[in-house]
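A short worksheet on the structure shown next.
Heavy atoms only: backbone and side chains are in, while hydrogens, waters and symmetry mates are out.
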Amino acid sequence: MLAAGGDPHIEINDFFLVAPTATYDAVIGNPPYIRYQDFSGESRTRSRAAALRAGVALSGLASSWAAFTVHSALFLRPGGRLGLVLPAELLSVNYAAPVRRFLFDHFSSVEVVLFDEQIFPDAEADVVLLLAEGFREGPTDHAIFRQTKNALTLPQARESNTWSPIDPSAKWTGSIVPESATAPLRSLHFSEMFVDLEQWGDTSLGIVTGNNRYFTLSPGRAKDLGLHSNDLLRISPPGSSHLRGLALTHEELRRLGNAGKSTYLFAPRRALSDAAQEYIKDGERTGVNTAYKCRVRKEWYRVPLTKPADLLLTCMNADTPRLTTNVARAYHLNSVHGVYLKPELRALGSDLLPIASLNSVTLLSAEMVGRAYGGGILKLEPREADRWAMPSPLLIQRRAEELRALKPAITRLLRRGDLLGAVAMVDAELLVRPGLVSASDLGKVRIAHQELWARRTTRGSRARKEPQT
């Protein structure tokens with residue numbers, strides 16, 4: 001700490017035990033990014049209490065940086081400035097909503113600098129630079145976003161957008177998308193041609209086994225163990241790389257099983273077969289029953305089930321989230337989400353929502369409602385998926401014949417990995433030919449999507465081929 005005109009003073013302490021003095025002209029720093037799983041006990045209690053003194057109630061899921069940001073501001077005198085290197089989660093995660101509101105309410109100026117490159121290559125965290133001025137001189141009604149290549153080019157950071165949100169606590173990811181690209185989405189929502197996914201049904205997490213290596217089995221492994229059909233349930237294999245087409249069929253599950261994928265879940269009925277009893281004993285010999293999720297069950301080997309979903313939603317994606325019709329009625333693990341369609345929409349949604357979702361507006365929406373993780377992965381939690389923009393039942397019903405006619409061609413393109421080729425075909429039939437979005441406006445949507453995609457993937461830990469529009 002360095003007071004105006006004074007000598008530097010270094011104090012080693014728990015930051016949240018230091019009472020804010022409201023005497024400093026500026027506070028700068030790089031707070032620790034400790035996730036809630038590792039930020040517990042007294043440290044978490046003190047941090048939440050410190051944030052609450054500023055009127056900010058943080059949820060139990062908040063990482064340490066959220067409380068640091070709020071507590072740091074309280075050291076500023078009126079008019080003071082705050083400069084912090086923060087995770088890009090500031091823009092997108094739900095638990096940061098009160099922090100976003102705090103910044104707008106208490107500062108007269110809020111700026112965020114975005115970087116094209118990963119600033120800390122050895123860390124998974126993607127970061128932004130928060131610059132806030134005029135503490136206790138707020139509120140402000142807008143934030144300025146700037147863009148630069150890396151830390152060395154920071155002095156040349158260019159203004160990319162001045163953003164005035166309706167609700168500052170909502171996600172800020174939309175702030176980096178040009179108005180011209182979001183206009184079609186707003187228009188489609190207003191005309192009821194697009195709706196949020198939650199209007200189609202409920203999205204929920206999958207089955208948590210506690211030990212996938214033990215509970216999921218390939219057909220060959222199940223046969224070697226002598227397990228009966230009554231001991232097993234058909235599942236979508238762990239992961240989601242196989243869910244890149246329009247449907248998961250019985251034939252596809254057989255193909256995956258023949259390739260050695262785990263298409264069975266060990267889920268014995270009440271009357272245990274001899275083979276099931278032996279497999280349970282083997283699990284106890286190897287300590288599977290001591291894992292937390294297993295030991296808290298009445299019978300450790302009975303995995304709580306969720307019913308098969310109508311659609312499977314990939315939640316961790318290098319390109320974009322996908323919806324796949326669960327024709328095989330397979331159970332799903334927590335590596336994907338399940339979408340349970342409303343009864344009156346089940347037939348239409350199961351048939352056509354996966355193909356209709358392959359449009360440029362929905363792809364852009366996914367980048368806006370999801371969050372970027374280390375390695376350039378886009379993650380979509382159920383609550384975020386609820387707000388994912390989808391063609392409405394009304395629109396899909398109107399274009400049902402055209403969409404069904406596209407299925408064979410789209411299936412071939414997806415098998416070849418040509419996602420954007422498939423999207424272009426759906427765009428033409430779903431949006432352009434009915435006159436809902438002009439080709440020019442759709443081009444702006446595609447450019448915005450590609451820029452957001454490139455932003456998260458170029459900072460990823462592994463190089464990926466950039467899609468072409």
Side-chain angles (χ1 to χ4, degrees), residues 124 197 203-222 232-267 288 291 293-294 303-340 354 357-358 363 366-367 370-382 384-385 388 411 414-419 422 453 456-457 460-465 467:
E124 288 192 356
L197 180 58
T203 301
S204 66
L205 300 170
I207 295 168
V208 178
T209 67
N211 187 324
N212 282 353
R213 187 180 295 274
Y214 175 84
F215 285 102
T216 67
L217 304 161
S218 68
R221 172 69 171 151
L232 304 165
L233 291 173
R234 297 299 296 269
I235 60 167
S236 173
S240 62
S241 60
H242 58 286
L243 298 174
R244 298 289 147 179
L246 297 179
L248 178 65
T249 63
H250 294 284
E251 180 183 356
E252 178 67 7
L253 270 185
R254 283 193 294 272
R255 187 190 69 77
L256 290 166
N258 291 338
K261 300 296 183 182
S262 297
T263 56
Y264 284 119
L265 176 72
F266 180 60
V288 176
K293 289 293 183 180
C294 297
V303 175
L305 302 176
T306 59
K307 67 179 182 178
D310 300 306
L311 306 175
L312 301 177
L313 166 57
T314 60
C315 54
M316 299 287 282
N317 301 274
D319 48 19
T320 194
R322 307 288 185 93
L323 288 172
T324 302
T325 303
N326 187 14
V327 175
R329 303 305 294 170
Y331 289 81
H332 65 283
L333 305 175
N334 65 338
S335 51
V336 299
H337 301 327
V339 179
Y340 299 86
S357 68
L358 297 175
L363 264 62
E367 297 288 342
R371 65 186 76 171
Y373 271 60
I377 296 298
L378 181 68
K379 185 174 184 180
L380 204 62
E381 296 287 9
E384 295 160 346
W388 188 18
T411 298
L414 294 179
R415 283 176 179 164
R416 296 204 301 262
D418 188 1
L419 170 63
W453 182 92
R456 65 177 169 85
T457 55
S461 59
R462 298 185 301 274
R464 295 188 179 91
K465 184 179 179 181

Sorted by chain and residue number, the side-chain hydrogen bond (donor to acceptor under 3.5 Å, both in side chains) partners of E252 (sequence neighbours excluded) come out as R255
Kindly compute the distance separating CG (L333) from CG (L205), expressed to the nearest 0.5 Å. 12.0 Å
Are the side chain of N326 and the backbone of A309 linked by a donor-acceptor contact shorter than 3.5 Å? yes
I need the full list of side chain to side chain donor-acceptor pair (under 3.5 Å) pairs touching residues 212-222, with sequence neighbours left out, sorted by first then second residue. T209-N212
Main-chain N/O of C315 paired to R322 side chain as donor or acceptor, under 3.5 Å: no
How many angstroms lie between OG1 in T325 and CG in L311, if you round to the nearest 0.5 Å? 5.5 Å
Pi-cation contact, Y331 with R234 (under 6.0 Å, within 45°): no
Provide the closest heavy-atom pair for I235 versus A330 in the form atom of the first, atom of the second, distance. C-CB, 3.8 Å
Minimal non-hydrogen separation, V336 against L243, with atom names: CG1-CD1, 3.8 Å
Residues in side-chain hydrogen bond (donor to acceptor under 3.5 Å, both in side chains) contact with E251, at least two apart in sequence or another chain: none
Please report the C-alpha distance between Y340 and T306 in whole Å, then the side-chain angles of each, then the deciding distance to 0.1 Å, and finally whether the side chain to side chain contact (heavy atoms under 4.5 Å, CB included) criterion is met. CA-CA 11 Å; Y340 299 86; T306 59; 4.0 Å; yes
For P304 and I207, which heavy atoms make the closest approach, and how far apart are they? O-CG2, 3.6 Å
For V303 and V208, the nearest pair of non-hydrogen atoms, with its separation, is CG1-O, 3.7 Å
For G370 and L380 the tightest heavy-atom approach is CA-CD1, 3.7 Å
Working to the nearest 0.5 angstrom, can you tell me the gap between H337 NE2 and T314 OG1? 9.0 Å
Taken to the nearest 0.5 Å, the spacing of T263 OG1 from L217 CG works out to 9.0 Å
Contact check, side chains of V288 and F215, non-hydrogen atoms, under 4.5 Å: yes
Kindly indicate, with the supporting measurements, whether the criterion side chain to side chain contact (heavy atoms under 4.5 Å, CB included) is fulfilled by E381 and R371. CA-CA 9 Å; E381 296 287 9; R371 65 186 76 171; 4.1 Å; yes
CA sep, side-chain torsions, deciding dist, call: L253, H242, side chain to side chain contact (heavy atoms under 4.5 Å, CB included): CA-CA 10 Å; L253 270 185; H242 58 286; over 6 Å; no
M316 and S240: side chain to side chain contact (heavy atoms under 4.5 Å, CB included), yes or no, with the steps? CA-CA 8 Å; M316 299 287 282; S240 62; 5.7 Å; no
Report yes or no: does T203 contribute a side-chain atom to a donor-acceptor pair with the main-chain N or O of P382 at less than 3.5 Å? no
Shortest non-hydrogen contact from A222 to Y264? CB-CD1, 4.4 Å
Could you tell me the separation between the OG1 atom of T320 and the CG atom of L378, rounded to the nearest 0.5 Å? 7.0 Å
Separation between NE2 of H332 and CG of L305, rounded to the nearest 0.5 Å: 11.0 Å
